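See below for the structure under consideration.
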Amino acid sequence: QVQLVESGGGLVQAGGSLRLSCAASGRTFSSYAMGWFRQAPGKEREFVAAISRSGGSIDYTDSVKGRFTISRDNAKNTVYLQMNSLKPEDTAVYYCAARYYSGTSHYGREYNYWGQGTQVTVSS
């Protein structure tokens, strides 16, 4: 069992930055690939970024490439999402998720555990 707790969300002006963190319980964090997803009001949940167990493989959705950076610290059981040049369309609840496989995935159904989410609001 893995419990995930996100933090770092908030209100920011367009062009600003936020850093999301996701802290995982347990001693097997390094056994999980990790992902970030988001869901805006009235929209379906969408993939944002993912990182493999070792951090050697990383994927992003096209709309955040060059602006967002996912990273992980296995010693701290934490995955991060650095978000720069934020846009109003980035406004959403952001969720981290854990997948008990080494590789990344864009599909939420392939993740085993989810956090409760953290709100990110970008004002224009």
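The structure presented is a predicted model; accordingly, all values stated were derived computationally and were not measured.
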- Message: Assess, by modelled atom type and distance only, whether the side chains of Ser17 and Asn84 contain a donor and an acceptor separated by less than 3.5 Å.
- Response: yes
- Would you please test Glu89 and Val122 for side-chain contact (heavy atoms from CB on, under 4.5 Å) and show each step? CA-CA 8 Å; Glu89 51 264 42; Val122 184; over 6 Å; no
- Do the side chain of Ser25 and the main chain of Gln3 share a donor and acceptor less than 3.5 angstrom apart? yes
- Task: Flag yes if Phe68 and Ile58 sit in one hydrophobic cluster, no otherwise; membership is Ile, Leu, Val, Met, Phe, Trp, Tyr, and two members link when side-chain heavy atoms are under 4.5 Å apart.
- Result: yes
- Item | Closest non-hydrogen atom pair, Ala40 against Ala92 | N-CB, 3.8 Å
- Item | Cluster link Ile70 to Tyr113, ILVMFWY, side chain under 4.5 Å | yes
- Would you mind reporting whether Leu81 and Tyr94 have side-chain heavy atoms less than 4.5 Å apart? yes
- Under 3.5 Å donor-acceptor, Ser52 side chain and Gly103 backbone: no
- Message: Quick check: Phe37 with Tyr111 (ring centres under 6.0 Å apart)?
- Response: yes
- Message: Working to the nearest 0.5 angstrom, can you tell me the gap between Ser85 OG and Asp90 CG?
- Response: 9.5 Å
- Item | side-chain contact (heavy atoms from CB on, under 4.5 Å) between Ile51 and Val79, worked out | CA-CA 9 Å; Ile51 187 167; Val79 63; 4.1 Å; yes
- Item | From OG (Ser124) to NZ (Lys87), nearest 0.5 Å | 14.0 Å
- Between Trp114 and Gly108, what is the shortest heavy-atom contact and its length? CZ2-O, 3.4 Å
- Task: Provide the closest heavy-atom pair for Thr78 versus Ala23 in the form atom of the first, atom of the second, distance.
- Result: OG1-CA, 4.2 Å
- Task: Starting at CD of Gln119, measure out to CG of Leu11 and round the result to the nearest 0.5 Å.
- Result: 9.5 Å
- Between Ser105 and Phe47, the two heavy atoms sitting closest are O-CE1, 3.5 Å
- Query: Do any N or O atoms from the side chain of Asn112 and from the backbone of Tyr100 form a donor-acceptor pair under 3.5 angstrom?
  - Reply: yes
- Contact check, side chains of Tyr80 and Arg19, non-hydrogen atoms, under 4.5 Å: yes
- Message: Looking at Phe29, I'd like to know if the NZ or CZ of Arg72 sits under 6.0 Å from its six-membered ring centre while staying within 45 degrees of the ring's axis.
- Response: yes
- From Glu6 CD over to Trp36 CH2, what is the distance, rounded to the nearest 0.5 angstrom? 5.5 Å
- Query: Side chains of Thr104 and Arg99: does their closest heavy-atom pair fall under 4.5 Å?
  - Reply: no
- Message: With a 4.5 Å cut-off on side-chain heavy atoms, are Arg38 and Lys43 touching?
- Response: no
- Message: For residues Tyr95 and Leu20: do they belong to one hydrophobic cluster (side chain heavy atoms under 4.5 Å, members Ile, Leu, Val, Met, Phe, Trp, Tyr)?
- Response: no
- Shortest non-hydrogen contact from Arg53 toward Asn74: O-ND2, 3.2 Å
- Query: Side chains of Val120 and Leu18: does their closest heavy-atom pair fall under 4.5 Å?
  - Reply: yes
- pair Leu4-Met34: side-chain heavy atoms closer than 4.5 Å: yes
- In short, Ser102 meets Ala33 closest at the heavy-atom pair O-CB, 3.8 Å
